[in-house]
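Remarks on the structure that follows.
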Amino acid sequence: MDKITNYRQIVQELLIEHSKIIPAYGEINMELLFDHERDRYQVLRVGWLQGRRVYGVLIHVDFIDDKIWIQYDGTEVALANQLVEKGVPKNDIVLGYQTPFFRQFSGFSKVEN
């Protein structure tokens with residue numbers, strides 16, 4: 001199995017795990033969006049809390065130039081650290097939600113947009 005295929009599998013497994021965590025409050029469902037053609041993967045929160053609509057991304061990951069780009073991470077456990085625990089080298093993970101300037105201090109890939 002090549003590197004990117006392995007990374008896709010790891011990302012999908014982690015997102016599936018996160019989608020199984022149901023929020024303690026409200027009537028909120030977790031939904032998975034896997035776009036294999038464009039290499040985009042998301043976990044969404046959809047539902048209702050205290051009479052208000054809840055809809056938003058919990059996790060958004062893209063594959064760009066053979067790197068895992070974490071575009072958004074609304075988890076408490078840090079998806080990047082989970083990827084490292086699964087064997088993904090830090091230099092293959094880009095914290096897309098950080099400015100290019102701050103990426104140099106993150107310990108992860110320093111790729112600029």
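Position 1 is the first residue of the sequence; numbering continues from there. This one's a predicted model, so the numbers in the text were calculated from it and none came from an experiment.
No side-chain heavy atom of Glu13 sits under 4.5 Å from any side-chain heavy atom of Gln82. Using a 4.5 Å heavy-atom threshold, the side chains of Ile68 and Asp92 count as separate. Thr75 is listed as a side-chain neighbour of Leu58, based on a closest heavy-atom distance under 4.5 Å. Side-chain atoms of Leu14 and Val61, non-hydrogen and from C-beta on, never get closer than 4.5 Å to each other.
Atom NZ of Lys86 has 12 or fewer neighbouring heavy atoms from other residues, nucleotides or ligands inside a 6.0 Å radius. The environment of Arg52 atom CZ is sparse: at most 12 non-hydrogen atoms of other residues, nucleotides or ligands sit within 6.0 angstrom. Residue Lys110 qualifies as open at atom NZ: its count of foreign heavy atoms under 6.0 Å is 12 or below. With a 6.0 Å radius and a threshold of 12 heavy atoms from other residues, nucleotides or ligands, Asp2 has its CG atom above the threshold. With a 6.0 Å radius and a threshold of 12 heavy atoms from other residues, nucleotides or ligands, Glu27 has its CD atom at or below the threshold.
Judged by distance alone, with hydrogens and angles left aside, the side-chain atoms of Lys20 form no donor-acceptor pair with the main-chain N or O of Met30 at under 3.5 Å. The backbone N or O of Val111 sits less than 3.5 Å from a side-chain atom of Arg103, completing a donor-acceptor pair.
Scanning all heavy atoms of the two residues, the minimum distance from Tyr7 to Pro89 falls at OH-CD, 3.1 Å. Between Asp73 and Ala80 the shortest heavy-atom distance is OD2-N, 4.4 Å. Taking both residues in full, the closest heavy atoms of Leu15 and Leu32 are given as O-CD2, 3.6 Å, listed atom of the first, atom of the second, then distance. The two residues Asn81 and Phe108 make their nearest non-hydrogen contact at OD1-CZ, 3.8 Å. Residues Leu95 and Ser106 share a closest heavy-atom pair of CD1-CB, 3.8 Å. Among all heavy-atom pairs drawn from Val57 and Tyr72, the shortest one is O-CE2, 3.3 Å.
Note: the hydrophobic cluster containing Val11 does not contain Trp69 (ILVMFWY, side chain heavy atoms under 4.5 Å, direct or indirect links). In this structure, Leu44 is not a member of the same hydrophobic cluster as Tyr41, with clusters built from ILVMFWY side-chain heavy atoms closer than 4.5 Å. Val77 and Ile21 sit in two unconnected hydrophobic clusters of ILVMFWY residues. Membership requires side-chain heavy atoms under 4.5 Å apart, directly or through other members. Hydrophobic clustering of Ile, Leu, Val, Met, Phe, Trp and Tyr side chains at less than 4.5 Å, counting indirect connections, unites Val88 with Phe63. Hydrophobic clustering, with ILVMFWY side chains joined whenever heavy atoms are under 4.5 angstrom apart, groups Ile4 together with Ile10.
Within the structure, ring-ring contact (aromatic ring centres under 6.0 Å, His included) pairs that include any residue of residues 82-105 comprise Phe101-Phe105 (at least two apart or interchain).
Of the options Gln42, Arg40, Gln71, a side chain to side chain donor-acceptor pair (under 3.5 Å) to His60 is made by Gln42 and by none of the others.
Taken to the nearest 0.5 Å, the CG atom of Leu79 stands 10.5 Å off from the CD atom of Glu85.
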Side chain to side chain contact (heavy atoms under 4.5 Å, CB included) between Trp48 and Arg53, intermediate numbers included:
CA-CA 5 Å; Trp48 295 92; Arg53 182 71 171 155; 3.6 Å; yes
